[in-house]
*Asks:* 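The structure's right below; bear with me while I get my questions together.
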2 protein chains.
Amino acid sequence: MARLEDIAVAVGVTATTVANALKGRGNVSDATRMRIIECAQELGYRPNELARSLVQGKTFTLGFLLPTIANPFYPEIAEAIERTASEHGYQMLLCNSFYDFARGRQHLERLVNRWVDGVIVMGSSIDPADILAQFQRGFPIVLCDWQENEIAIQMPQVSVDFRMAGALAAQHLIALGHRHMAIIFDEPQQSLRFEGFRDTLLEADLALPEAMIQVGHSTLESGYNAAQKLIESPTRPTAIFATTDWMALGAMQAVQNAGLQVPQDISIIGLDDITVSAHIRPPLTTIAIPKVQLAFEATELLFRLIKGTPEPPLSRLIQPSLIVRQSTTVPPDI
Amino acid sequence: MARLEDIAVAVGVTATTVANALKGRGNVSDATRMRIIECAQELGYRPNELARSLVQGKTFTLGFLLPTIANPFYPEIAEAIERTASEHGYQMLLCNSFYDFARGRQHLERLVNRWVDGVIVMGSSIDPADILAQFQRGFPIVLCDWQENEIAIQMPQVSVDFRMAGALAAQHLIALGHRHMAIIFDEPQQSLRFEGFRDTLLEADLALPEAMIQVGHSTLESGYNAAQKLIESPTRPTAIFATTDWMALGAMQAVQNAGLQVPQDISIIGLDDITVSAHIRPPLTTIAIPKVQLAFEATELLFRLIKGTPEPPLSRLIQPSLIVRQSTTVPPDI
DNA sequence: GTGAAAGCGCTAACAA
DNA sequence: TTGTTAGCGCTTTCAC
């Protein structure tokens with residue numbers, strides 16, 4: 001591969017001049033500039049970004065650490081981050097932790113070692129302590145989609161008002177007339193969604209019995225299994241709130257496979273608003289998370305962090321919203 | 001950030017010795033090794049991978065260029081590539097081209113400039129000529145999920161027998177008794193799927209009239225629109241083959257929104273077998289592409305390329321398979 | 001078992 | 001307008 005030096009000797013100048021000419025710094029005569037550019041073309045010169053990064057201490061690269069891109073909640077976010085990064089001249093390293101903290105930690109350390117300019121970390125992908133350690137050394141990190149209370153210390157983050165999300169789900173079902181509801185959620189990462197839901201029920205004097213609380217693990221299958229238990233319960237609920245759409249899809253399938261109708265027999269409401277949710281049968285009522293906005297704001301915040309000590313606020317709580325489709329309706333007569 | 005040199009002066013040795021001690025090369029006494037390791041701990045030493053890469057000419061990083069991670073066909077592949085890469089000590093740069101060749105080219109050039117060790121390129125993400133240019137300079141690239149005939153020159157690639165995929169779809173529908181079928185596909189990237197379908201019909205003396213050939217653009221919406229046109233056609237088909245599941249979902253929705261039943265009124269068959277396909281209503285019959293295998297083989301092939309001139313074969317054609325679910329059945333009586 | 005020296009390809013500060 | 005010098009932090013070769 002051709003280097004600056006190669007061009008320099010070919011043209012009969014010095015590497016510095018070549019560098020200046022190539023990046024259009026003013027101090028090169030037009031004549032030599034022409035010859036240099038031409039020669040660079042001929043030799044197929046490509047600047048070595050490694051060398052450049054080493055001396056500048058900047059890589060124009062950022063890391064994106066998440067549980068797994070195979071979960072349909074993340075691709076939209078990843079896309080938005082990458083696009084925003086790209087507009088700033090950045091590329092993005094995608095790192096799946098597979099919900100394994102050791103793996104998340106390894107990835108983060110590697111990212112630090114390779115001098116990425118900053119990292120966006122999604123919830124559930126790594127032990128908060130590991131993030132904190134790097135952040136406190138001055139490494140730019142922004143948290144995305146974590147529960148606000150998950151990290152001990154104040155850190156830059158953009159997240160969603162999950163308690164509100166849970167509340168919205170409850171309000172919707174209550175308004176429809178439901179009295180016997182159930183929830184499927186992942187503990188402890190989704191406890192806020194649970195609390196918002198439960199508390200809203202409580203305020204309406206509605207109980208949420210133990211048997212109506214099922215844990216899932218953000219997979220479709222776990223939603224399916226959890227819903228099965230709920231259906232078989234002696235006190236079958238008339239509505240189910242699954243704290244992710246992915247689990248809601250599983251739940252819906254379980255209900256339908258049991259020979260019941262959604263929403264006539266059991267209403268189902270999700271949370272996330274992943275793309276497919278609008279296109280299944282029946283279309284899923286859900287609490288939407290503005291994923292693109294989430295990603296965009298996280299990335300912009302990270303860039304502010306990278307540029308220097310930014311003005312507050314360093315954290316942002318985004319409001320979810322209810323999207324009523326056809327998987328929820330009034331409870332059946334009994 | 002602490003450097004080798006910092007440890008060296010602290011311990012009273014030289015940087016070379018520190019380096020040797022840290023990577024367990026034999027020639028350091030146990031005593032000094034202990035002191036060095038301890039000191040490295042204390043100073044929080046992290047090797048600078050940039051510097052290391054610059055001298056070694058290796059970055060242990062690979063690029064993954066694709067149209068857009070938001071299309072649900074890709075996340076599973078991305079995950080598998082990243083996992084395989086990770087097992088080899090590699091990280092992965094994710095690059096969306098958004099079906100824009102200029103953008104794809106920019107990304108590829110940047111990847112080359114930053115000395116990634118190799119790149120995996122998915123179909124439809126960049127102009128083949130740009131790939132070829134880099135490949136011919138000796139840069140390791142493997143093509144993934146391209147039509148075999150899309151690239152002029154023989155290049156390393158792992159792909160799917162798309163003609164067979166189209167044939168399988170046709171065979172299935174014919175076996176069910178369909179005589180009036182339609183296809184929705186994206187031209188020209190999916191022409192092989194089309195040809196396989198059409199030719200199989202022809203062999204069974206079945207025509208595929210112009211009106212029954214619709215173009216889509218790999219989006220759900222385009223599948224929806226294409227299906228609408230088919231439904232409104234005076235010669236409504238009894239079965240639709242959409243060459244991606246994503247378009248098939250759109251088509252299914254269009255059919256259902258028109259008040260028709262899938263599969264009783266119209267059978268629908270897709271191609272890809274994305275995760276959700278098994279979980280919608282009705283579950284989608286489809287031609288499955290072994291995505292994880294595709295990704296794994298592409299990555300392994302790339303590593304062979306990176307290690308040096310590998311043994312043939314440098315290209316692999318993976319066989320698709322029919323998965324019968326409930327979106328296809330015998331045609332309605334007329 | 002340890003060190004000195006050179007160099008990866010580039011940038012940046014300062015001279016000429 | 002152009003050149004010189006000194007690194008960035010590491011690895012590698014060879015000498016002691």
Side-chain angles (χ1 to χ4, degrees), chain A residues 1-37 39-40 43-61 89 109-117 137 139, chain B residues 1-37 39-40 43-61 89 109-117 137 139:
Chain A
M1 297 256 312
R3 306 160 304 142
L4 283 182
E5 183 67 23
D6 298 327
I7 303 179
V9 307
V11 175
V13 291
T14 206
T16 312
T17 307
V18 177
N20 287 335
L22 255 27
K23 38 180 60 176
R25 297 234 178 97
N27 38 6
V28 181
S29 76
D30 282 357
T32 48
R33 160 165 291 122
M34 291 299 285
R35 283 163 53 221
I36 286 171
I37 290 178
C39 181
L43 299 184
Y45 171 74
R46 343 229 66 215
N48 183 326
E49 298 224 10
L50 242 33
R52 186 177 284 178
S53 293
L54 180 59
V55 48
Q56 295 189 148
K58 250 179 118 32
T59 52
F60 295 94
T61 303
E109 294 195 337
R110 176 93 192 268
L111 290 172
V112 172
N113 291 355
R114 45 150 70 220
W115 284 70
V116 299
D117 295 348
R137 299 169 142 228
F139 185 72
Chain B
M1 297 254 314
R3 306 159 303 144
L4 282 181
E5 182 67 23
D6 298 328
I7 303 178
V9 307
V11 175
V13 290
T14 206
T16 313
T17 307
V18 176
N20 287 335
L22 255 27
K23 37 181 58 175
R25 297 235 177 96
N27 39 5
V28 182
S29 76
D30 283 357
T32 48
R33 160 166 291 123
M34 292 299 285
R35 282 162 54 219
I36 286 171
I37 290 178
C39 181
L43 298 185
Y45 171 74
R46 346 227 66 216
N48 183 326
E49 298 224 10
L50 242 33
R52 186 177 284 176
S53 292
L54 180 59
V55 43
Q56 294 187 146
K58 251 179 118 25
T59 52
F60 296 94
T61 303
E109 294 195 337
R110 176 94 192 268
L111 290 171
V112 171
N113 291 355
R114 44 150 70 221
W115 284 70
V116 299
D117 294 348
R137 302 168 141 227
F139 185 73

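Treat the numbers as computed from the prediction; the structure is a model and nothing was measured. Just so you know, these numbers use all the heavy atoms, side chains as well, and skip hydrogens, waters and symmetry mates. Every chain is numbered from 1 and lettered A, B, ... according to where its sequence line falls, protein lines coming before strand lines.
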*Asks:* Rounded to the nearest 0.5 Å, what separation is found between the SG atom of A/C39 and the OH atom of A/Y45?
*Replies:* 11.5 Å
*Asks:* Please list, pair by pair, any protein nitrogen or oxygen found under 3.5 Å from a nitrogen or oxygen in nucleotides 8-11 of chain D.
*Replies:*
from: D/dC10; atom 1: OP1; to: B/Y45; atom 2: OH; distance (Å): 2.7
from: D/dC10; atom 1: OP1; to: B/N48; atom 2: N; distance (Å): 3.3
from: D/dC10; atom 1: OP2; to: B/L4; atom 2: N; distance (Å): 2.7
from: D/dT11; atom 1: OP1; to: B/K23; atom 2: NZ; distance (Å): 3.0
from: D/dT11; atom 1: OP1; to: B/R52; atom 2: NE; distance (Å): 2.8
from: D/dT11; atom 1: OP1; to: B/R52; atom 2: NH2; distance (Å): 3.4

*Asks:* Can you check whether B/M1's main-chain N or O pairs, donor with acceptor, with A/R137's side chain at less than 3.5 Å?
*Replies:* no
*Asks:* Please report the distance, rounded to the nearest Å, between CZ in B/R35 and P in C/dG1.
*Replies:*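 Going from B/R35 (CZ) to C/dG1 (P), I get 15 Å.
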*Asks:* Give one of base, sugar-phosphate or nothing for B/S53, where a contact means two heavy atoms less than 4.0 Å apart.
*Replies:*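 Touches nothing.
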*Asks:* Does a side-chain N or O of A/T17 approach OP1 or OP2 of D/dT1 to a distance below 4.0 Å, or not?
*Replies:*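 The answer is no; no side-chain N or O of A/T17 sits under 4.0 Å from OP1 or OP2.
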*Asks:* What is the distance, rounded to the nearest whole Å, between atom CG of A/N20 and atom P of D/dT1?
*Replies:*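 Checked: the CG to P distance equals 11 Å.
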*Asks:* Mind jotting down which residue pairs meet the salt bridge (Lys or Arg N to Asp or Glu O under 4.0 Å) criterion with at least one end in residues 1-23 of chain B? Sequence neighbours excluded, please.
*Replies:*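 Residue pairs with at least one partner in residues 1-23 of chain B: B/R3-B/D6.
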*Asks:* Tell me: CZ of B/R114 to P of C/dC10, nearest whole Å?
*Replies:* 16 Å
*Asks:* Given side-chain contact (heavy atoms from CB on, under 4.5 Å), test B/V18 with B/V11 step by step and report yes or no.
*Replies:* CA-CA 9 Å; B/V18 176; B/V11 175; 5.8 Å; no
*Asks:* To the nearest 0.5 Å, tell me how far A/E49 CD sits from B/T59 OG1.
*Replies:* 11.5 Å
*Asks:* Who pairs with A/R35 by side-chain hydrogen bond (donor to acceptor under 3.5 Å, both in side chains), at least two apart in sequence or on another chain?
*Replies:*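 Counting only residues at least two positions away or on another chain, A/R35 forms no side-chain hydrogen bond (donor to acceptor under 3.5 Å, both in side chains).
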